[in-house]
Asks: 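The structure is given below, and queries will be raised subsequently.
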Amino acid sequence: MTSKPLPTRHIVSINDLSNRDIETIFEIAQAYLDELPDPQFSYRIGRSTHVASNFILASLFYEPSTRTRLSFESAMLRLGGQTITSADPATSSAAKGESLADSVRVIANYADLMVIRHPRDGAARLAADYSPIPVINGGDGSHEHPTQTLCDLFTLKKKNRHLKNLKIAISGDLRGSRTIHSFVYALARFGANIMPMPARGMGLPAHVDRRLREEFGCKIVTASKAESDDAPIDALYVTPEEPHQPSLFSAAEINLDAALTEKKVDAVYVTRFQKERWADKDQPYPRIDKKFLNAPKYSGASVLHPLPRVGELDASLDTDIRAIYFQQAAYGVPVRMALISLLLGLHKGKSLHKFEGGFAKQSLPIYDQPRSVGMHCPNKNCIVHEPMESQYVRNRFFIVRTDAGESCKLRCGYCESDVEKFVVAHKKNKWFSKDRGMLLRPDEQHLRELIVFADEADAREAGFHFRRNFTNPLSPVRERLKSRS
Amino acid sequence: MTSKPLPTRHIVSINDLSNRDIETIFEIAQAYLDELPDPQFSYRIGRSTHVASNFILASLFYEPSTRTRLSFESAMLRLGGQTITSADPATSSAAKGESLADSVRVIANYADLMVIRHPRDGAARLAADYSPIPVINGGDGSHEHPTQTLCDLFTLKKKNRHLKNLKIAISGDLRGSRTIHSFVYALARFGANIMPMPARGMGLPAHVDRRLREEFGCKIVTASKAESDDAPIDALYVTPEEPHQPSLFSAAEINLDAALTEKKVDAVYVTRFQKERWADKDQPYPRIDKKFLNAPKYSGASVLHPLPRVGELDASLDTDIRAIYFQQAAYGVPVRMALISLLLGLHKGKSLHKFEGGFAKQSLPIYDQPRSVGMHCPNKNCIVHEPMESQYVRNRFFIVRTDAGESCKLRCGYCESDVEKFVVAHKKNKWFSKDRGMLLRPDEQHLRELIVFADEADAREAGFHFRRNFTNPLSPVRERLKSRS
Amino acid sequence: MTSKPLPTRHIVSINDLSNRDIETIFEIAQAYLDELPDPQFSYRIGRSTHVASNFILASLFYEPSTRTRLSFESAMLRLGGQTITSADPATSSAAKGESLADSVRVIANYADLMVIRHPRDGAARLAADYSPIPVINGGDGSHEHPTQTLCDLFTLKKKNRHLKNLKIAISGDLRGSRTIHSFVYALARFGANIMPMPARGMGLPAHVDRRLREEFGCKIVTASKAESDDAPIDALYVTPEEPHQPSLFSAAEINLDAALTEKKVDAVYVTRFQKERWADKDQPYPRIDKKFLNAPKYSGASVLHPLPRVGELDASLDTDIRAIYFQQAAYGVPVRMALISLLLGLHKGKSLHKFEGGFAKQSLPIYDQPRSVGMHCPNKNCIVHEPMESQYVRNRFFIVRTDAGESCKLRCGYCESDVEKFVVAHKKNKWFSKDRGMLLRPDEQHLRELIVFADEADAREAGFHFRRNFTNPLSPVRERLKSRS
């Protein structure tokens, strides 16, 4: 009766959740598992509740899905809630040309929270921008799939009791797989070590690699060829003791002993070739089978897979005790029950630590201009390039310091792609500079007077003139006022 | 226990509801709004109930929809009921060639009421003809969309406290938009004045225009060019004091003062170009934006839109306090909750005034022949022309008096298109006449002996012979019997 | 609390249910009908309950459906349960290339039972093989549709009080219609007589005909031409007194009096042309109309149809009191309520006689080899030929004795197609024989050493050599051990 409005919290990226948030979700999920159902239904994990009675989950899916959508809906129903579903863009108002921003604002009236899947990177962030109800990202393009990561982590934790110092091999299409991107950030934050085993030409995107090293404190350790003949390219992202301290920007050198690369693998995370995101559909792709797992270093390795699989994980492994991918799928229900019920505020004394913030990102300064002004996100699959959304997106970027804080790069506020080359112009004095550091100096109010262009040519075409380094054009008065505060 | 069977009431047209029915719906909708939810969920309008527990709503959608379907389903769930959904004709039995008439009779066993959307005009009426459970029209071709109109009226009434004498501008595709057709009839009935602002070539259909004037008592008032330079084509449908008296067939001249056309506009109702209903997809279309609304006469005009929008309503207006289209979408839930619960008989003491009739139509005499006999509805998109329905439709028309009751036109019993040219033949004497008034003379029994043909040629081909005016071929005995009763 | 785990029971074929199972289902269905709803809702058959509260039904449909899916979902909701739905393969993970075997194992975590429809014969059996929760076949290719048959039988029983000795004519596409296949087996088992009236070239498949005669004890009786001029091809499958005793392999000659073929027909079961399963879409097809039913022998015949109809059953019959096809559709809800609630173990004292077995099949010996070894099922539409399932299917056949037990045929373990020509080879001695009886001699362990090939050529290509009849290569010791037990 006297409870205050619940602030709306969106889960677009795994980094929207702090480590403590994630641990809270796992506690609740475990509690649902502990409430054993009637033994008559021994196949079912966890009992149903009625805590979410009177609440509605909207599923808004613009891309095919079975398990993500059905597991969310099952979770909502097991909580006693209800669901409404738009699963096929061809039969929705998107077929009439409606923007996502409009659809979200309308559907928000029909439900209490929303899960969204979309082919464009960053679409879930756009949806969250326009939604008064919590938005959960059910997968947006190649960007992220945070609830899959929660299930993955939960499975690893149930199996190993902890995540710290686990050695996790990840195999396959590390470029196109959004689940991988959410997953590696989370592993780094919980102190696990990551061993990439990409298909040829499908390594981690450069921006993910850089973030792991620059923002999550990962250091790459490579085994000498002599030590590991069987896998000559063994390389590990190793996380230091406290990786999730954003202040530790460039990680201190750590004294790594050789045992790290020789250590047995705790889990192999296999992922399918994301054909729908590649032009060449017939590339060679690694296949994980019994022979592969016969190597001694995998003798105790759990095998995980976000599913669906389409040939990269041999069915003969299904009966191997190391295969836990169907268990992993099953955990989708209690984990999503926990997330939904926490976002709805249904647990007394437990919450997602509202406003405490997720991971580092929140504190970054923001460059924000209308779509008609300056540089767009260069990622062609970013939601900002969707014609139907052109009135609803902005040229919005986080400003991320680089080079020991002397320079910076821009990170798209939607798809989180990083931009490292651009020029900075000033609306009033009509100058532009190639010194990216210009973006770091002004106060927030002044930041609005700067425009970023993709390159010199664009800046010139817009009527700006080059100057190696123009003075910060604050008026003396404002300078003085600023220095006082 | 002792309650009597509830007569089934269908809502195919806004005119199936009397003004008092509509007011009852609004009272209930307001009551749902007044039951405020937990302040924790301040974004939600209205609290959920359980009155419809054990009831099922079937959504039967043969055309894309998001908001209509999801808002109906949300309304049913918020009432405590359940839903079953067929949202994609490609995955339904329609893909196997099943008629709507059969689908409806089958699905009626699985649910307690049904909402239907279909690309053909008049499809909802056909469905209602075959359904033992209440059918709600969720949009049929270019015909009607009555629940959208209920939301529109409710929004206007919440904003202005009354509907009478409001001046409502309607902009865009007034021809293809079914929401517009339901809407203008309702506005006329509640005494609002309608200012059409069509896109070029997309004015109100002639039959809608005639009905407004001939049946809803509207009179057209045109401002002199001198008075309003900014909008030279200002014309208004003005309703007299008691417009919803069907007896007032040709409205008496009303003394209108010039203020009427000069009066400020109370609301602008914008609608999208219904591309799916036009061959030429690239016609010029008006765009409502800040500049348009800067005209003084719109200074206090609310902006409504049934959504989705696809460019005709600028997103920059979203933050304008006059923009209430998202509010309008939100009201879809309580209004539909009210309609559903009333149709299910869940409100003690409140009902939709059963059998009191909706608007005028019910009392019109009906011409009704099998599909193989005489003239079909000339509207090519009418459900009577759907090959799958050929066994289930009839040549059925309401007989509407014209010319001060001396002549008549026919109105399709499905799509409500009017037919003003036809010839009347007699089954027995094999004569036909061009005097449409022939249809007005016989009693109901005798009406079955008349056949209507589209023109002379059709009548001759069917073996009838012209006669300017054939005697009403009642036998003397029947004439006498008739005169006694 | 102390209840034991419920064994999972799948309903893939009507023959997975014993006659007593079916009678139990009908008792429960009738009980749901007897619980009359509030008379206010006189159109509704049966009242809703809450016994399945907290249970979830998953609908997994890979082919179009309206009535089967919606009637299952309605049944689950009327039981107080909930539903999750994947109705469109194009928006499911099948679009990404996921196997049915994987989809089933994943979705089994989200629900408590599952209904599946699939275009491939035998797909539901594959699903059942991989599912820990009960699987109900909602129609698999041309194979079976057991719940439709339950509704058909229930309708006949409600109309006639019994099934024994009823004379049921079946008209139309008896080859492609899965509902017909389930239906004729069930009729035979309950002692009804079957009168096929196929469209030209669309008779019962040879394997169904043979099963009726060889396993269900049916005998064909043909009327002499003189006796029945109006239907010169009258032939009847007549069942003896105890047809469902598998021991009665070749039915004893029965003394049939002529009255049997002259007897009036009790019901005409009409079925549509299954166009989607035929290459030639324009074949002539019989149409049942008033004229047809005017023949004296149909004077008391009920007309049934599983629907949808597409022209083979004239709409003018809808008002004939013999037409009970819409009633038949309505019974779908209580019958499915009964089946679902029994499979979930929700009826104290009533069960589906667990492990008592359905019909005969369970006791048949099984030949079972990996997909890479020997003969595949020759039915090209069998699920074993679906490339996505190649890792999950086996060459698995029931061994069915023929020729008074001296020889045998093979019946596909998925689609139940029969194979009557094959050769038998032995893995160790590399011989093969054309004597099919070889499969009957070995014990179960030894059966694993035999391989079946489609023909000589295949056996030779695989490196086997012909021998008219090779000695059963059991070692003397094993022979002795076997003879003792």
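Residue numbers begin at 1 in each chain, while the letters A, B, ... track the order of the sequences.
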Asks: How many angstroms lie between atom CD of Gln82(A) and atom CD of Glu73(B), to the nearest 0.5 angstrom?
Replies: 11.0 Å

Asks: Could you pull out the closest heavy-atom pair between Arg78(B) and Asp112(A), with the gap in Å?
Replies: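 Closest approach of Arg78(B) to Asp112(A): NH1-OD2, 3.3 Å.
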
Asks: So which of Ser71(B), Ala75(B), Gly80(B), Ser316(B) has the biggest tally of heavy-atom pairs under 4.5 Å with chain A?
Replies: Ser71(B)

Asks: May I ask you to name which of Lys275(B), His50(B), Gln274(B) has the most heavy-atom pairs under 4.5 Å with chain A?
Replies: His50(B)

Asks: Identify the two heavy atoms, one from Ser86(A) and one from Leu70(B), that lie closest to each other, and give their separation to 0.1 Å.
Replies: CB-CD1, 4.3 Å

Asks: Let me know if Arg117(B) has heavy atoms under 4.5 Å from chain A in its side chain, its backbone, both or neither.
Replies: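 The side chain, not the backbone.
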
Asks: Surrounding NZ of Lys291(B) (heavy atoms of other residues, nucleotides or ligands, distance under 6.0 Å), is the total greater than 12?
Replies: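 Atom NZ in Lys291(B) is not crowded, with 12 or fewer foreign heavy atoms closer than 6.0 Å.
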
Asks: Using side-chain contact (heavy atoms from CB on, under 4.5 Å) as the criterion, list what pairs up with Lys158(B), not counting sequence neighbours.
Replies: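 For Lys158(B) the side-chain contact (heavy atoms from CB on, under 4.5 Å) partners, ignoring immediate neighbours, are Gln30(B), Leu33(B), Phe154(B), Tyr331(B).
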
Asks: So which of Thr85(B), Thr83(B), Leu307(B), Asp314(B) has the largest heavy-atom pair count under 4.5 angstrom toward chain A?
Replies: Asp314(B)

Asks: Closest approach of Ile56(A) and Ser74(B), non-hydrogen atoms and distance?
Replies: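 Between these two residues, the closest heavy atoms are CD1-OG, 3.8 Å.
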
Asks: With sequence neighbours excluded, tell me which residues meet side-chain hydrogen bond (donor to acceptor under 3.5 Å, both in side chains) with Arg309(B).
Replies: Asp102(A), Tyr392(A), Asp318(B)

